[in-house]
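See structure below.
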Amino acid sequence: MTSIKQESLAFREAKRQRYENARQTAALFLTGGLDLQKAQKSSGAERINILRRLRRLIERERLKGARNHWSYDLNRHIALSQALKRLASNEAHNVPRHH
């Protein structure tokens, strides 16, 4: 693969990641008043509370969708779910493993 093509693919991937980060940040802040960057830096009980709150927000969004509520937004639902997955996977990496 040529270096220009590799650079192009790397640029597209970085752009996609920035877009997803912006969507997740906006959805978290607008829906729950949570800051994604602060949430990623959290740990312990604070992280558990953030994950619990995020699960509640996703459940509320799911219920709006099930009831065909006018304020339901599929993109917001997806962004919240992606943010939860991102924070939960970071939590899994931060948990010490016992053998």
Run the salt bridge (charged side-chain N to carboxylate O under 4.0 Å, His left out) test against R52 and tell me which residues pass, sequence neighbours left out.
none
Applying the 4.5 Å side-chain criterion to the ILVMFWY set and letting contacts propagate, would L36 and I58 be lumped into a single cluster?
yes
Are more than 12 heavy atoms, taken from residues, nucleotides or ligands other than R16, located less than 6.0 Å from that residue's CZ atom?
yes
Starting at CD of E46, measure out to NZ of K41 and round the result to the nearest 0.5 Å.
11.5 Å
State the CD-CG distance between Q82 and N21, to the nearest 0.5 angstrom.
10.5 Å
Transitive ILVMFWY side-chain link I78 to L80, under 4.5 Å:
no
Is it the case that the side chain of R47 and the backbone of Q40 share a donor-acceptor pair, with hydrogens and angles ignored and the cut-off at 3.5 Å?
yes
Backbone of A39 reached by a side-chain donor or acceptor of S42 within 3.5 Å
yes
Exceeds 12 heavy-atom contacts within 6.0 angstrom, atom CD1 of I4:
no
About how many Å separate OG of S3 and CD of E7, when rounded to the nearest 0.5 Å?
5.5 Å
Can you list everything that forms a side-chain contact (heavy atoms from CB on, under 4.5 Å) with K64? Sequence neighbours excluded, please.
E61, H69, S71, Y72, R76
As an exercise, state the distance from CG of D35 to CZ of F29, rounded to the nearest 0.5 Å.
8.0 Å
For L28, does its backbone N or O pair with a side-chain atom of T31 as donor and acceptor, under 3.5 Å?
no
To the nearest 0.5 Å, what is the distance between CZ (R55) and CZ (R62)?
15.0 Å
K15: which of Q17, E13, R18 passes side chain to side chain contact (heavy atoms under 4.5 Å, CB included):
R18
Run the side chain to side chain contact (heavy atoms under 4.5 Å, CB included) check on L9 and Q6 step by step: do they pass?
CA-CA 5 Å; L9 291 174; Q6 289 173 336; 5.8 Å; no
With rounding to the nearest 0.5 Å, note down the distance linking CG in N49 to CZ in R53.
10.0 Å
